[in-house]
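Worksheet for the structure shown next.
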Amino acid sequence: MNETKHILLIIGGGIAAYKSCELVRLIRKEGMTVRCVITKSGQEFVTPMTLAALSENPVFTELFDLKDESEMGHIQLSREADLVVVCPATADLMAKMNAGIADDLATTLLLATDKRVLTVPAMNVRMWHHPATRRNVQQLRSDAVHVMEPDEGEMACGEYGAGRLPEPAAILTEIQNMLGQPAPAMMLSAQPDFAEAEHRPLYGKKIIVTAGPTHEAIDPVRYIANRSSGRQGFAIAQAAAEMGAEVILVAGPVHLVTPPGVIRWDVESAREMQIEVEKALPADAAIMVAAVADYRAADTAEQKIKKKDDAPTPLALAENPDILASLARHEKRPGLLIGFAAETENLKDHAAAKLAKKGCDWIVANDVSGDVMGGSENSVHIVTKDGIESWPKAHKEVVARKLMEKVADVIGN
């Protein structure tokens, strides 16, 4: 970045607030300036003095500071930043953001700002999955607030699940990605109402998304599968819904919450997935993200296969249907057909060969030799007949949004 970027960091309450200190350090290390605002509850976990020392700037805590307010300091603070980052964002803070409540300095700044806002949630897993929180997240995203997905793992309360604050390095990557992108058209408009085509460019379009692995039964207790978590497919379904599309999500066996506004059909096997995908036709676009098993057991045992002393029981395999290729030949072929290629070597070559073989329009290729399957980040290459477009590593939600913006350029209003 040629010019110094200015970050306004709003720190909510919660044990994850301690990670904001490391985030401040990383932002400063990248040559950006950062000003911190910390809520009253946030001060129970991090002191303003610590943040002031790390940021080398005064830390703001109160709305009614006479010196600042004589010059409308809260307005100035909200406007001078290039990006506003809320980290951690508690369920309470996001509820206030959604409702437009301005009862302290942090919420007043968020209501007064005309800059892009990145919100990084952190809360108990049950709070994250609560319908009220899901509604708030959906509305914030519709209002052009960028809400990161929390990480999964053990929490301070002892429970396990989604709700952990992402690591500061991942948040920094998100900040850098947002600073490198133009603001959404709806944020640049001075009008309070937005045209449906601008606000939701996929309004009126129907999109099919597949996600996750398939489980191919060997016997009643064993199956053939892979490590796909389904997170990238679910993120794409969510981004499509936020952009106004009617979304049919055909999901393999995963433990993920259905994105708001998405119709979800659960399946187990590749053959079941093919049936449901074809049932969803016709569609304006189909994005085949699922890591479908190439093979299944030729014969599924009715009882558990017992171990034999002399030799292992041989497993005969049969080839599964190629859902992507069959869609390309289907009489109701979607107008835009996108496949995914998960590879561990010769990524671009294999993806280009798959594009030609399957008969689809795009292949989204990603290297899964590391921790992509199950991880929160992805690095992809968009392969088309016109060439290859490579994207930098980013959070899966960022990749999803960028992909759906590219889709909207082709089929959108």
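- To the nearest 0.5 Å, atoms NZ (Lys357) and CG (Asp322) are separated by 7.0 Å.
- Residues Leu336 and Trp362 are in side-chain contact: their nearest non-hydrogen atoms beyond the backbone lie under 4.5 Å apart.
- Taking the ring centre of Trp128 as origin, the terminal cationic atom of Arg164 falls outside the region bounded by 6.0 Å and 45° from the ring axis.
- Paired with Lys96 under the rule side chain to side chain donor-acceptor pair (under 3.5 Å), one option of Asp103, Thr107, Asp104 passes, and it is Asp103.
- To the nearest 0.5 Å, atoms NZ (Lys40) and CG (Leu105) are separated by 14.0 Å.
- When His6, Arg28, Glu80 are each tested for a side chain to side chain donor-acceptor pair (under 3.5 Å) with Thr33, only one passes: His6.
- Taking a cutoff of 4.0 Å between a charged side-chain nitrogen and a carboxylate oxygen, Arg222 and Asp219 qualify as a salt bridge.
- Other residues, nucleotides and ligands place more than 12 heavy atoms under 6.0 Å from the CZ atom of Phe45.
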Stepwise side-chain hydrogen bond (donor to acceptor under 3.5 Å, both in side chains) test for Glu22 and Ser20: CA-CA 5 Å; Glu22 175 64 8; Ser20 64; over 6 Å; no
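- Residues Leu83 and Val85 are in side-chain contact: their nearest non-hydrogen atoms beyond the backbone lie under 4.5 Å apart.
- The backbone N or O of Thr173 lies less than 3.5 Å from a partner atom in the side chain of Asn177, making a donor-acceptor pair.
- Without hydrogens or angle criteria, Lys115 side chain to Ala81 main chain gives a donor-acceptor distance under 3.5 Å.
- At distances below 3.5 Å, at least one donor-acceptor pair connects side-chain atoms of Glu216 with backbone N or O atoms of Ala270.
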